[in-house]
Protein chains: 2
Amino acid sequence: MQEKSGIPLPSLRRLPFYYRRLAEALQQGLAVVSSEELGAAAGVAGAQVRRDLSYIREEGRPGIGYDARALASRLEEFLGLVNAKEAVLVGVGNLGRALASYSGFERYGLHIVALFDQDPAKVGMTVGDRQVLPMTKLTSLIARLRIQMGIITVPSCAAQDVADLMVGGGIRIIWNFAPCRLVLPESILVKNEDLAAELATLSHHITHRTQMSH
Amino acid sequence: MQEKSGIPLPSLRRLPFYYRRLAEALQQGLAVVSSEELGAAAGVAGAQVRRDLSYIREEGRPGIGYDARALASRLEEFLGLVNAKEAVLVGVGNLGRALASYSGFERYGLHIVALFDQDPAKVGMTVGDRQVLPMTKLTSLIARLRIQMGIITVPSCAAQDVADLMVGGGIRIIWNFAPCRLVLPESILVKNEDLAAELATLSHHITHRTQMSH
DNA sequence: TAGATTGTTAATCGATTAACAATC
DNA sequence: TAGATTGTTAATCGATTAACAATC
């Protein structure tokens with residue numbers, strides 16, 4: 001996945017770590033944080049932080065550092081953490097339930113408004129306070145509520161069919177946890193979270209005892 | 001995380017996708033696959049594939065392509081998928097159970113040999129065919145069985161304490177699903193799977209409707 | 001031979017890092 | 001003022017891409 005314009009993707013991916021460090025600092029009553037401290041939270045040097053923050057037009061004070069509250073607000077705005085984001089989730093296995101009940105997501109503005117499963121035995125079940133709905137209702141619900149994001153936690157490549165249904169309903173962004181490459185129109189943003197593929201790279205390191213650093 | 005020597009990290013991370021495409025091809029009875037086809041499976045061009053494969057010293061035949069069986073074997077070997085890798089998992093919530101019962105891992109040689117949880121109510125529970133053990137047994141079990149890898153699926157930054165215990169037992173590689181940066185000796189390889197941070201970058205895209213491509 | 005596809009060189013692209021004048 | 005830290009320029013580093021002779 002590559003950003004086509006604006007902030008480089010590696011920079012974007014570091015911002016949440018800066019944000020966490022700022023939240024921590026604020027809780028400790030610190031009003032100001034230096035680029036070096038922020039960098040430590042993301043495993044990069046201070047210069048990198050300053051460069052990253054220049055992309056989002058946030059300025060610090062030379063000799064002092066960054067205003068923690070101002071920078072945290074700017075990051076919330078830039079990352080859109082304050083905006084409500086609605087998602088549906090398909091595949092109510094252990095992983096689906098884990099994501100559906102993960103409180104860290106709500107804190108970032110993500111509301112998983114509906115759960116779906118293909119298994120009739122699961123339809124009607126309650127997870128959190130949401131009922132599991134049948135797949136037949138997926139497309140229409142997405143369209144009716146104008147849901148922006150779809151989360152796929154089905155095993156196997158049934159993921160492709162699920163993705164097609166989601167896109168049919170009007171979804172533009174898919175967070176895919178199935179170990180399959182989805183084939184979808186260019187306009188759909190797909191973020192793959194492919195744990196088996198990640199494991200394979202770890203396996204390489206276990207096998208070859210390679211050192212890594214951040 | 002940055003590879004210090006050998007194959008570049010971006011290349012390494014594409015190899016599992018090539019491997020999957022090869023497995024698929026073999027199942028379809030294809031004996032040969034071109035770099036362009038492999039590239040499609042990872043979202044890159046053929047030239048990139050040829051470069052990646054040159055790092056692992058696998059050669060194709062000009063005008064023909066790559067021998068699917070030979071390349072698949074080479075990838076299995078290079079990624080260490082055939083080697084048995086033993087891991088312990090700490091934190092038997094939904095996510096922990098999802099990982100503990102994910103069959104895709106076994107296929108890549110990962111055996112999660114023991115589960116731990118800090119919650120007395122969970123100790124003694126059975127997941128798959130493994131009993132959940134108390135934290136007091138973590139370090140000694142790791143040391144006794146010479147476990148290589150630790151998987152952390154606890155919520156919150158109790159993850160740091162868990163990681164310290166793991167390292168105390170002799171673990172060298174940690175797969176961390178907690179939304180916290182672990183502070184550990186340089187020699188320990190930490191792979192963070194930080195879903196909240198990933199969500200934050202998706203949130204940015206939802207908010208700004210940016211296009212991405214692979 | 002003609003067509004396809006490789007491996008690799010050279011060019012390009014983009015991110016990171018070092019360095020430092022400017023500023024508080 | 002002296003010390004700290006910024007924003008940004010220039011240099012470096014590393015990955016990707018284009019191009020093509022070599023090969024099947």
Side-chain angles (χ1 to χ4, degrees), chain A residues 1-15 17-18 21-22 25 30-71 74-75 201 210-214, chain B residues 1-15 17-18 21-22 25 30-71 74-75 201 210-214:
Chain A
M1 220 166 41
Q2 187 61 47
E3 178 77 5
K4 270 186 190 154
S5 69
I7 188 171
L9 189 53
S11 297
L12 175 60
R13 300 186 67 188
R14 285 188 289 267
L15 299 184
F17 296 99
Y18 304 155
R21 183 70 189 82
L22 288 164
L30 300 173
V32 160
V33 180
S34 73
S35 60
E36 207 58 54
E37 289 173 272
L38 292 172
V44 295
Q48 183 68 73
V49 175
R50 300 197 292 277
R51 163 64 37 99
D52 290 347
L53 296 183
S54 76
Y55 293 125
I56 66 166
R57 305 264 139 62
E58 184 67 19
E59 305 206 332
R61 300 176 67 200
I64 307 295
Y66 294 85
D67 182 279
R69 195 169 302 279
L71 181 50
R74 179 68 186 108
L75 285 170
T201 71
T210 327
Q211 294 302 313
M212 296 182 108
S213 69
H214 225 285
Chain B
M1 218 164 45
Q2 187 59 46
E3 178 77 4
K4 270 184 188 155
S5 68
I7 188 171
L9 188 54
S11 295
L12 175 61
R13 301 187 67 189
R14 284 188 289 266
L15 298 184
F17 296 98
Y18 304 156
R21 182 70 190 83
L22 288 163
L30 300 173
V32 160
V33 180
S34 73
S35 60
E36 207 57 55
E37 289 173 274
L38 292 172
V44 295
Q48 184 69 72
V49 174
R50 300 197 292 277
R51 164 64 38 98
D52 290 346
L53 296 183
S54 77
Y55 293 125
I56 66 166
R57 305 265 138 62
E58 185 68 19
E59 306 206 332
R61 300 175 68 199
I64 307 296
Y66 293 85
D67 183 278
R69 194 169 303 280
L71 181 50
R74 179 68 185 108
L75 285 171
T201 70
T210 326
Q211 293 303 313
M212 295 182 108
S213 70
H214 224 286

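Every chain is numbered from 1, with letters handed out A, B, ... down the list of sequences. Excluded from the calculations below are hydrogen atoms, water molecules and symmetry mates; all remaining heavy atoms, backbone and side chain alike, are included. Computed from a predicted model, the values in this text were never measured in an experiment.
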Undergrad: To the nearest 0.5 Å, how far apart are OG in B:Ser11 and CZ in B:Arg13?
TA: 11.5 Å
Undergrad: Quick one: B:Arg50 CZ to D:dT16 P, roughly how many Å, whole number?
TA: 14 Å
Undergrad: What does A:Arg57 touch in the nucleic acid at a heavy-atom separation under 4.0 angstrom: a base, only the sugar-phosphate, or nothing?
TA: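 A:Arg57: no heavy atom of the nucleic acid under 4.0 Å.
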Undergrad: Between P on D:dT5 and CG on A:Leu38, what's the gap in Å once rounded to a whole number?
TA: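 Checked: the CG to P distance equals 12 Å.
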Undergrad: Select base, sugar-phosphate, or nothing to describe what B:Glu36 touches, counting heavy atoms under 4.0 Å on all strands.
TA: nothing
Undergrad: Within less than 4.0 Å of OP1 or OP2 of C:dT5, is there a side-chain N or O belonging to B:Ser35?
TA: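 The answer is no; no side-chain N or O of B:Ser35 sits under 4.0 Å from OP1 or OP2.
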Undergrad: Tell me which nucleotide, if any, is Watson-Crick or G-U wobble paired with D:dC24 when both distances must be under 3.5 Å.
TA: C:dG3
Undergrad: Just how far is it from atom OH of B:Tyr66 to atom CZ of B:Arg61, taken to the nearest 0.5 Å?
TA: 13.0 Å
Undergrad: Within this structure, what is the CD-to-P distance between B:Gln48 and C:dG7, rounded to whole angstrom?
TA: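 Result: 14 Å.
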Undergrad: Would you check if A:Val33 and A:Leu71 make a side-chain contact, meaning some heavy-atom pair closer than 4.5 Å?
TA: no
Undergrad: Rounded to the nearest angstrom, tell me the gap between atom CD in A:Glu59 and atom C1' in D:dT8.
TA: 11 Å
Undergrad: Please name all residues satisfying side-chain hydrogen bond (donor to acceptor under 3.5 Å, both in side chains) with A:Glu58, sequence neighbours left out, ordered by chain then number.
TA: none
Undergrad: Using Watson-Crick or G-U wobble geometry with both distances under 3.5 Å, which nucleotide pairs with C:dA10?
TA: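 Per the H-bond distance test, D:dT17.
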Undergrad: Can you name the nearest heavy-atom pair linking A:Arg51 to A:Ser54, along with the distance?
TA: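 Taking A:Arg51 first and A:Ser54 second, the nearest heavy atoms are O-OG, 2.6 Å.
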Undergrad: Are A:Leu53 and A:Tyr18 side-chain neighbours, meaning at least one heavy-atom pair lies under 4.5 Å?
TA: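 In contact.
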Undergrad: Quick check on D:dT16: is either OP1 or OP2 less than 4.0 Å from any side-chain nitrogen or oxygen of B:Arg14?
TA: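 True: B:Arg14 side-chain N/O within range (under 4.0 Å) of D:dT16 OP1/OP2.
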Undergrad: For A:Arg61, report the nucleic acid contact type (base, sugar-phosphate, nothing); a contact means any heavy atom under 4.0 Å.
TA: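 Answer is sugar-phosphate: A:Arg61 comes under 4.0 Å of backbone atoms only.
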Undergrad: Atom CG of A:Leu12 and atom P of C:dG14: how far apart are they, to the nearest Å?
TA: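 Distance, rounded to whole Å: 17 Å.
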Undergrad: What integer distance in Å separates B:Asp67:CG from C:dT6:C1'?
TA: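 Roughly 14 Å, once rounded to whole Å.
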Undergrad: Could you give me the CA-CA distance, side-chain angles and deciding distance for B:Leu38 and B:Asp52, then say whether side chain to side chain contact (heavy atoms under 4.5 Å, CB included) is met?
TA: CA-CA 11 Å; B:Leu38 292 172; B:Asp52 290 346; over 6 Å; no
Undergrad: Has A:Tyr66 got a side-chain N or O lying under 4.0 Å from the OP1 or OP2 atom of D:dG7?
TA: yes
Undergrad: Using whole Å, report how far CD1 of B:Ile64 lies from P of C:dA4.
TA: 12 Å
Undergrad: Could you check A:Pro62 against A:Asp52 and say which one's nearest nucleotide on DNA chain C is further toward the 5' end?
TA: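 First, find each residue's nearest nucleotide; the 5'-ward one identifies A:Asp52.
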Undergrad: Which pairs, protein N/O on one side and nucleotides 9-13 of chain D N/O on the other, fall under 3.5 Å?
TA:
residue: D:dT9; atom: O4; partner: A:Arg51; partner atom: NH2; Å: 3.1

Undergrad: Please report, rounded to the nearest Å, how far the C1' atom of C:dT6 is from the CD atom of B:Glu37.
TA: 14 Å
Undergrad: Please figure out whether A:Gly46 or B:Ser11 has its closest DNA chain D nucleotide nearer the 5' end.
TA: A:Gly46
Undergrad: Would you confirm whether B:Arg74, through its side chain, and B:Ile56, through its main-chain N or O, come within 3.5 Å as a donor-acceptor pair?
TA: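 Between the backbone of B:Ile56 and the side chain of B:Arg74 there is a qualifying donor-acceptor contact (under 3.5 Å).
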